[in-house]
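Heavy atoms only: backbone and side chains are in, while hydrogens, waters and symmetry mates are out. The chains referred to below are lettered A, B, ... by the order of the sequence lines, with proteins before strands, and numbering in each begins at 1.
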Amino acid sequence: GQQVMQIPQYQHVQEGEDFTTYCNSSTTLSNIQWYKQRPGGHPVFLIQLVKSGEVKKQKRLTFQFGEAKKNSSLHITATQTTDVGTYFCASYNAGNNRKLIWGLGTSLAVNP
Amino acid sequence: DTEVTQTPKHLVMGMTNKKSLKCEQHMGHRAMYWYKQKAKKPPELMFVYSYEKLSINESVPSRFSPECPNSSLLNLHLHALQPEDSALYLCASSGRWDPQRGAQYFGPGTRLTVL
């Protein structure tokens, strides 16, 4: 079945350093979504990408969808302590547009 | 208002108890979801309601019983749970007319402990 692989599992950075998390699939994805979950919190929708090669920015966050629509990345420039949390990518199952297939998440820790 | 509310925030129950989790959204979304999340794992889909009808049941044990009384409300009835059912239970909703079509908006969750 459709799977979304996410790396790295954990990342520890100094405040001010950049951070990137990657999602990969062996199959073409119709879309990719990114969510952030703070410690003790719930997933919060960040963005959805649907077009090949799409790049979207939200302040210090840059989201990319690969040309082949098989990979995506989230890049944070100059991390802050408020960026701490787990970042999940997710994509709707090809055969079922109500079921999200989730990556395992990247847990980001930021040292002040 | 992109808010989904859930009650209670915390629940401790014995294996013989019956309890219910409640979820409410007022965004006009017609798809609502129940997820189970264990620590350091992604959310695991349990049920999906679409237009108040159950459209997906991910082979969830019958001790979990969902209910959608109307388009704004979603319940999860719990009975005879096991300690391994202890987890964070998340409700979410999505709407095809939402500007971010397909985005799922999550409630804060109910942290369930089964003794």
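- Side-chain N or O atoms of A/Arg60 include one that pairs as donor or acceptor with a backbone N or O of A/Thr77 at under 3.5 Å.
- Neither the backbone nor the side chain of A/Gln6 comes within contact range of chain B, judged by heavy atoms closer than 4.5 Å.
- Contact annotation for A/Gln33: only side-chain heavy atoms (C-beta onward) come within less than 4.5 Å of a heavy atom of chain B.
- In terms of heavy-atom pairs under 4.5 Å with chain A, the best-connected choice from B/Gly109, B/Ala39, B/Gly107, B/Ala92 is B/Gly107.
- A side-chain donor-acceptor contact under 3.5 Å links B/Gln104 and B/Tyr35.
- Using a 4.0 Å cut-off between a side-chain N of Lys or Arg and a carboxylate O of Asp or Glu, A/Glu54 and A/Lys56 qualify as a salt bridge.
- Side chain to side chain, A/Ser72 and A/Trp34 meet the donor-acceptor criterion of an N or O pair below 3.5 Å.
- Taking B/Arg111, B/Glu44, B/Glu58 one by one and counting their heavy-atom pairs under 4.5 Å with chain A, the maximum is reached by B/Glu58.
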